Structures are given as C-alpha cells and as structure tokens.
Amino acid sequence: MAPVTTSARTGTGTQGTRLLLIDGHSMAYRAFYALPDTLATSSGQVTNAVYGFASMLTNLLRDEQPTHVAVAFDAGRVTFRTERYAEYKATRDATPEVFRGQVPLIREVLEALRVPALQREGIEADDILATLARQGAEAGMEVLVCSGDRDALQLVTDRVTVLYPKKGVSELSRMTPAAVEEKYKVAPERYPDLAALVGETSDNLPGVPGVGPGVAAKWITQFGDLDSLLERQDELTGKRGEALREHAAQVRLNRELNALLTDVELPLGIDDLAVAGFDREAVHRVSDALQFGALRDRLLAVDPAGHEADAAPGDAVRVTLHDGDLASWLAAHAGRRVGLDVSGVARPGLGDAWQVALATGSDAGEASAVVVDLADLDGAQEESLRSWLADAAAPKAVHGAKSAWHMLASRDLDLHGVTFDTELAAYLCYPDQRGYDLADLVLRHLGRDLAAADDAAQGALDLELDAAAPGSEAAARAVAVVDLAEALDPGLDDRGARSLLDDVEMPLSAVLARMEATGIATDTDFLGGLEASFAQAVATSAAEAYDVIGREVNLGSPKQLQEVLFDQLAMPRTKKIKTGYTTDAASLQDLFTRTEHPFLAHLLAHRDAAKLRTTVEGLLKAVHPDGRIRTTFQQTIAATGRLSSTDPNLQNIPIRTEAGRRIRQAFRVGEGYDVLLTADYSQIEMRIMAHLSGDEGLIEAFRSGEDLHRYVGSRVFDVDPAAVTSEMRAKVKAMSYGLAYGLSAYGLSQQLTIPTGEAQALMDDYFTRFGGVRDYLTGVVEEARATGYTATILGRRRYLPDLTSDNRQRRQMAERMALNAPIQGSAADIIKLAMLGVQHAIDAQELRSRLLLQVHDELVVEVAPGERDAVEALLRDQMGAAVRLDVPLDVSVGSGTTWHDAGH
DNA sequence: AATGCCACGTA
DNA sequence: CGTACGTGGCATTC
C-alpha cells in the first residue's frame, strides 16, 4: 500500500495571539484587476473583486490562523494628505463603477464572517492599519499586515510582517525585516526615506529625477537616514546631487505624506478584533446571492467556530480495504455510522445489485472499508449482510437511499437504519441545484476528487488505496458518503432543514421506494386499442390537412408549419419566438376564430391525437412483464419541494379532455385487489394562501362551506352568491389561481380574452375585498428579498438571489417564484406528511392495501379486499390532519376499478 | 449522438 | 407579461 501522506498546514500554529490586518480597498483592487470581469452572477453582477477578496481572506484565515482580524477601508476623499498637498493621488483615474459596486458586497461578506471593518472619515486605511499594528505589537501580538500599498512596509518589525501581493491576490510575499532589507537594501523603518526620494507615481508624488531605489538606498546607507542626507546634501556631487538639492522640498513633503499615522482614534480596540464564529446563515445568504460555489464551502470550512470535518479539505485519505469477512468488519465498527455504497441498477422492479461497499468515515486521514460481491457471497456472509442491512439500529449513511433500496430489493435484501441520506440533505440545502451527483458534492464539500480515484493510472490520488483492487472505487464512495454527511451536517442546521430531512424526506424515501416497487396495474390490450384509435385520428386529420393545403408537410415540425401558415396561407403573424412565430395551440385557436381556415382545425385535431398517441406509446413501452407500470418519483428535482415522476411520468396523464381521460381507464386495480381509491385535497393551494395570508374573507370562504369561487365571486362582483354567473365564477377562479403564480393583469386579460383594463379592474376589486391576500403577497416578496429565501410551513427554504438583481426580467421572475414557492411548497410539505401518515396507518392496522401514486394533491391507493372503508377512513384522517391550518383541509375520495372511474 | 427548442400533458 | 415539472419530435450541432 502507498504510504500515508498528510497535507501540512502552512500556518505554524504558534501559541499566543496573532493579529491579521487587511487593507480592504487595496486588496480588493488587486483582486479586481487580477481576475476577469467574466466572474459574475447570472444576473450580470460582476463579482471579481469580492470573489478575489473573499478567496484571499479565506486562505489567510486558513493558513495564518489569526486570533484577531480586522479590515480597514479608506473613507472620504479629503485626508490630511490632500489638505497638505492638493495633488496627492490627483492623477488616479476615477474608481471604476464596476469596482465601486462591489465594495458594499465585500462589506456584506465581512459582516457574515463577523470580521470588523474599520474606517474613519479623512483617514486612509493604511493609517488605521498602522495604528492597530502598533497597538498589537505593543500588546505582544504577532501582527500580519496585508496590503498592496508599499507604504505599509515601514511597519515591518520583528513583530510585524507585511503580506504584500506578489501576483494577483493568491500569492503573498512575507515581508519580514530581512525580506525588506533584501529587496530594498534598507531597513524597513528607512523604507519611507527611500520612497520619498524615489517618489510614488500612483500617489502622484514625484521623486528626485535620476534617482531610483538603488541610488536612494546607497545614500540612505551612507548617511544613515533621510534627515541626515538632506542636512548634508551639499556633500553630494554630480548631477544626482544637484537634482536632490533642486527637489529637496518635494522630498521632504513626500516623507511627510508617506509617514503613516499610528495614533488614529478608533472605535474598536485590539480586544474587539478577536475572531468570532461566522454568521453561517449570512454566509449562505451572501454566497447564494453572489453565486459562490466552491468558495462558499471554502469559507465555511475556515469558520473558527465551525464544526470542521475530521479531514481538512484536500487532505489525503488512506482507505484500508478489509480482506476479512463482513461479520468481523461489522463487529470491529459496531455502533459507528457506516457509509453504504451499492453498485447496480436502480430501476424499480428491474433493478440489480452486484457489489456492496461498507466504510467508516475518515478519521485523521484513515478509513476502513469492506467490499463484497453479491454474486459470490457464501451463506454466512450473506446472512451477516442481510441482517446488518435490515437492522434499523445499525446507522447508515447513503447517497440516495431509495436507489440503494431498489438495487438491494433485486436480491431480496431489505434496507433499514439509514440515518443520513446525503443526496436528500444536499437537496434540502440547495434545492435549486441541477443535480446532486456524489462525486460533485464530494469535490465541492470535501475538496476530494472521486473521479481521480477511479483512474488507477492517475499519479496523485486524493484517496490512497490500491486503485487496482476490486471495489476500490466503491470503497472510496462509501468513505466519502460518511465524510460528506459530516460536512453537510452544519449547513443543514444553518438552514433549519434538520427536521425536514429526518422527519420528512428520509422516511418518505422509504415510502416512495415501496410505491415505485409496487407499480400500478395496466390494461395493455386497452392501451393497444387506444393507440390504434389515436393513430387513426392522426392519419385522418393529417390527410384532411394535406388536402386543404394541397401538399404534404410534416405537421409535427413547427418550422414547416410556419412556412405553411405565414407564407403559403399568409395568415396574420402570431407571437414571436426565438425561431420565428409560435404555432402553439392557443395561437392556432386564435387564428382559427379569426380566419376559420379549415387547415387550422385539422392541424389542431392532429396535434391532439398525436400527443395522445405518443403518450400511450410511451406507457405501453413502460409496462413491465407483470403488466404493471413502475414510475420513479424524483425527490430532489423540484425546487419547491414537490415530487416529480419519470420513466414514465405518471403525474401528467391527461384528464382535461374526454379523449385524454380515456387513457386513465388503462390504469386499473390489480389482481387480488378490490378497487382503486383516489383521495385529493380540494383547492389546497388556495387554502394555504388563506392560512398564510390570514385574510379573514378568504378564511371565512373556506369555513362557510360555500363553493369557493362562487363565494369569492359574490364578494368581487358585489352580488348574492346565488347571482354569481358561471362566467363570473370562471373569471374569479382564473384570477384566484393566477395570484399564486404572480399573474399580471395582462396575463389575466390574455387568459380570459378580456381587455387589460377589465382584468386590472377585476384584480383591484379582488384586492379590495381580500386585502390580506395582497398584503401577504407583497410581504412574502419583501421578506424574501430581505432574508434571501422563502420558506414553507415546514421551513423548507428556497433561496432566490435574483430578487436583488438589477435585471428587471430576472428580478420579476424571482418575485413570481417567491410568491409561488411558499404556496406550492407548503402543499408539497402537507401531502408528504399525509403520505407518511397514510403509510404509517396502513402498517399499524396491518392492512394489505398500498399506496401507488402521488400526483401533487392526490393519492392513489390500491385497496385489498375488505379494506375499503378502513382505507377511506385513514386517507381522510391522515390527509385531513396532516397539518393544522386556520382553514379546514378538505379531502375528497373516489373509488373505481380504474383510475378514470376512481377520479372525481 | 448530443443538445436546444418547441409544444403540451399534469398540479 | 403565470409557478412547478417530464416527454417527445424536430432541427441543429458535433
């Protein structure tokens, strides 16, 4: 095995106190010019200065381990220097706006890190640093001054080191007395003498012409210091001596100006600069807003109060592969949380598993793992594995326990005792992320490259194990899962997501696994018949369409359709899209009412039939040999907390049209079961809106038992409920639902095909009657803007950094998301709780009936003989009591042999 | 073969 | 100029 390597920290870890002082502007400015302005958030906010600054600060905190930290900023344009010499810094270009805009962001970062930022009107940052450096040195501290201003070099002593940026902001030179002497050939305290002679272009301080650092150093060494030199300037001969005499006044002025003040009065004393733990919540908020990815984690990793993982990021981990049997490994690590990695295929009902890796987390760079092949397991080994996997008291960390469940199920292995699912945890922390690939998360949170461990040829492995050994990758993943669990732990608490993980998502994943494995019975003959019938409709409508235009085109090609509609038939143009003009159903319908062109009718019929046909085809392909269809419920996709359904999607089976609804007749109760039962929440989102807004009118609407839209309509139109026409009801219904999506008056007018003015009036009337709703909706956006996130009734957060975007479109999009996320997300929370309650009740009553599907506000259950009443009762109970709102949760239940018939 | 876009199904 | 998804077909790109 390869030898153990440890990555040493560069900090020496001395006892005593170490004060880190940073010149904020100077370092930020360095970062600004060192990093490309392509570093920006998606909304266009350039972040190169703030990113570079934060990155530098992170490195300093990590490498120097200071006990005290402060950052100083310049404040005010007028300083004693400009008053003394108007031309001071006069040649500097105006600060670029792109830089200036980032300074407040840097302050926000500092605030989140609880690093004091100091400034004083009329005083430059360097003077503040000089003052603090003096105080620190006098207090016996080791002082580090980080500044890109060479004037700071005068502060260097055996106690004070200047960290001067060498390249960008990531490489800093340690300017000790010896280093200053080496570089400038004068002692640090003489450096300002030298600078006075040489001049400083950036400060607009001219030096003595013809005198560079070399000559200046020689003079200073020769005469001792600048004062002596100027006193005895007549001793100098030649051109340079003449030049000095000519510019002596300027040199004196330079020296006066480059002397740093060491007695500035400051609001904070040294003791106030002691490092404090980060405001982790704020770190997340700022990182979200600035879209810090890896930097967020690097920041959190250096939190002085942070719960650091055993292995510091990037540390090498040595994994020992146990070659003994499973039982002895398990015995050796009893009671510890074990990482589990299963290799195989995770398809519900069609899964497979061939290898299982178990591992401890890494501890001081050491981890232990055992890998077993499921194919060649002897009886005793298999029994050890089986009982450990099924042991609810044996704590396990898994990345995606539901997938592992399906793989293990293929070998009749049951999985219990998952106490941490890193995939679900990552989802709760970053719900807007695209994916939660283990290797990506490990790279981001542990700074460890799992992909590199895959490659045996790779020289520098982060994970040191015999990469050629079978199962080494699996072992590496299993170790990483445990370490990742540790790393995600604090973030989970920071976001208040602990209970969501422990009490909702993790238990739910077990429920979902069972639902997926169960599947829903389908009538393939019926589906086959539907396919033929829809195919017939497609053929007929296509033929009729071709007949009208006199040629055959691909009706499924928007491009060819545009040609036919807008060129050949010269119809009025529709709404513009990227590739021309839309041919969507609403526009075609609109064109049809205007032109009554028969082609449009045939085209629309063709669209409908073609869509239904492909839906049926997809379902047919998804039927398993036992006649059931098994979807996968994705639990980490929807940023609001909803589930989604794939392979196939059973959450978008048609219901609105009669033809579409027929597809639901293909989903039927299975052999040995009595009936399908569907239970859905009625108007759950509106009820949540009533609850969250506390609007008395809306709450009363639900308590009255009156039809919601009729009730609301009577208030909006100021008529008796009985006098609400169906047209009025439709308008109010569209508006009520639209509100939860951030619908505009224009959007409402489009949907209802009424003038914008009328739509606006409708909304105004609505808000007059239901002012609490308006206040809630504006309040929820305001709060999200302030906190950076929205929250559901269970505290599920969605971070929306774009709420503060300068880009109007992005900002408004974020605002609509902020309106909708608490409502949609709370509904998701509620049905998730209901599912847990339903499954629990089924188990507790030892019923055979089983949950099959969830469609956002609906559950489908397959009812075993004789359990119909019990199941209906428990569905009503559990769904109705999932949470306590200020309005009742209404549940309606239907039953039938097919999903179609069970619907209502 | 992979990707982007359009269109459309659900809540 | 209405949120959240997944899928399939077409067209374009590699």
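A note on names: the letters A, B, ... follow the listed sequences, proteins ahead of strands, and every chain is numbered from 1. All values below were derived from every heavy atom in this structure, side-chain atoms included, with hydrogens, water molecules and symmetry-related copies excluded. Since we're looking at a predicted model, the values are computed, not measured.
Remark: A:Asp901 does not engage A:Arg668 in a salt bridge, criterion side-chain N to carboxylate O under 4.0 Å. The pair A:Glu862-A:Arg628 meets the salt-bridge criterion, with a side-chain N (NZ, NE, NH1 or NH2) lying under 4.0 Å from an Asp/Glu carboxylate O. We find that A:Asp590 and A:Arg594 are joined by a salt bridge, their nearest charged nitrogen and carboxylate oxygen being less than 4.0 Å apart. Taking 4.0 Å as the cut-off between side-chain N and carboxylate O, A:Arg347 and A:Glu516 do not count as a salt-bridged pair.
Around CD of A:Glu658, the count of heavy atoms belonging to other residues, nucleotides or ligands within 6.0 Å exceeds 12.
Residue A:Arg607 places at least one side-chain N or O under 4.0 Å from the OP1 or OP2 atom of B:dC8. Regarding contacts with the backbone of C:dA4, a side-chain N or O of A:Arg798 is found under 4.0 angstrom from either OP1 or OP2. Taking 4.0 angstrom as the limit, A:Arg642 places none of its side-chain polar atoms (N or O) nearer than this to OP1 or OP2 of B:dT10. Contact between the side-chain N/O atoms of A:Thr646 and the OP1/OP2 oxygens of C:dG6 is not found at any separation under 4.0 Å.
Side-chain proximity of A:Gln824 to C:dT3, C:dT7, C:dG6: nearest is C:dT3. Candidate nucleotides B:dT10, C:dC5, C:dC1 were compared by shortest atom distance to the side chain of A:Ser744, and C:dC1 ranks first. Candidate nucleotides C:dT7, C:dC1, C:dA4 were compared by shortest atom distance to the side chain of A:Thr640, and C:dA4 ranks first.
The side-chain hydrogen bond (donor to acceptor under 3.5 Å, both in side chains) check on A:Asp775 picks up nothing, with sequence neighbours excluded. Under the rule for a side-chain contact (heavy atoms from CB on, under 4.5 Å), the partners of A:Ala517 that lie at least two apart in sequence or sit in another chain are A:Trp405, A:His406.
Between A:Glu658 atom CD and B:dG9 atom C1' the separation is 16 Å, expressed in whole Å. Rounded to a whole Å, the CG atom of A:Asp647 is 14 Å from the C1' atom of C:dC5. The distance from atom CG of A:Leu600 to atom P of B:dA7 is 14 Å, rounded to the nearest whole Å. The CZ-P distance, from A:Phe633 to B:dT10, rounds to 17 Å in whole Å. Taking atom OH of residue A:Tyr737 and atom P of nucleotide B:dA11, one finds them 11 Å apart after rounding to whole Å. Straight-line distance from the CG atom of A:Leu743 to the P atom of C:dA4: 14 Å, rounded to whole Å. Going from atom CG of A:Asp802 over to atom C1' of C:dT3 covers 16 Å, rounded to whole Å. Summarising the geometry, the separation between OH on A:Tyr746 and C1' on C:dG2 is reported as 13 Å, rounded to the nearest angstrom.
Against DNA chain B, the stretch residues 561-595 of chain A makes heavy-atom approaches under 4.0 Å through A:Ile577, A:Lys578, A:Thr579, A:Thr582, A:Thr583, A:Asp584, A:Ala585. For the contact set between residues 774-781 of chain A and DNA chain C, defined by any heavy atom under 4.0 Å, there are no members.
If you check every strand for non-hydrogen atoms under 4.0 Å, A:Leu748 touches nothing. Across all strands shown, A:Ile653 has heavy atoms under 4.0 Å from sugar-phosphate atoms exclusively, and none from any base. Within the 4.0 angstrom heavy-atom criterion, no nucleotide atom of any strand lies near A:Ala821. Counting non-hydrogen atoms under 4.0 angstrom, A:Ile637 reaches the backbone sugars and phosphates but no base. Across all strands, A:Met735 comes closer than 4.0 Å to no nucleic acid atom at all (heavy-atom distances).
Using modelled atom types, one side-chain atom of A:Asp695 and one backbone atom of A:Gly772 make a donor-acceptor pair closer than 3.5 Å.
Taking the P atom of each, B:dC5 and C:dC1 are spaced 16 Å apart, rounded to whole Å.
Closest non-hydrogen pair, A:Pro431 versus A:Leu428, comes out as CD-O, 3.8 Å. Summarising the geometry of A:Gln560 relative to A:Asn554, their closest heavy-atom pair is OE1-N, 2.9 Å, with the distance given to 0.1 Å.
With hydrogens and angles left out, the side chain of A:Gln751 and the base of C:dG2 share a donor-acceptor pair within 3.5 Å. With hydrogens and angles ignored, a donor-acceptor pair closer than 3.5 Å exists between the side chain of A:Asn652 and the base of B:dG9.
Counting only residues at least two apart or in different chains, salt bridge (Lys or Arg N to Asp or Glu O under 4.0 Å) contacts with residues 637-651 of chain A comprise A:Arg642-A:Glu685.
If you check the side chains of A:Arg607 and A:Thr583, you find a donor sitting under 3.5 Å from an acceptor.
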Along nucleotides 8-14 of chain C, 5' to 3', which nucleotides get a B, which get an S, and which get a -, given that the test is a protein heavy-atom distance under 4.0 Å?
SSSSS--
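Aromatic pair A:Phe702/A:His691: centroids not less than 6.0 angstrom apart.
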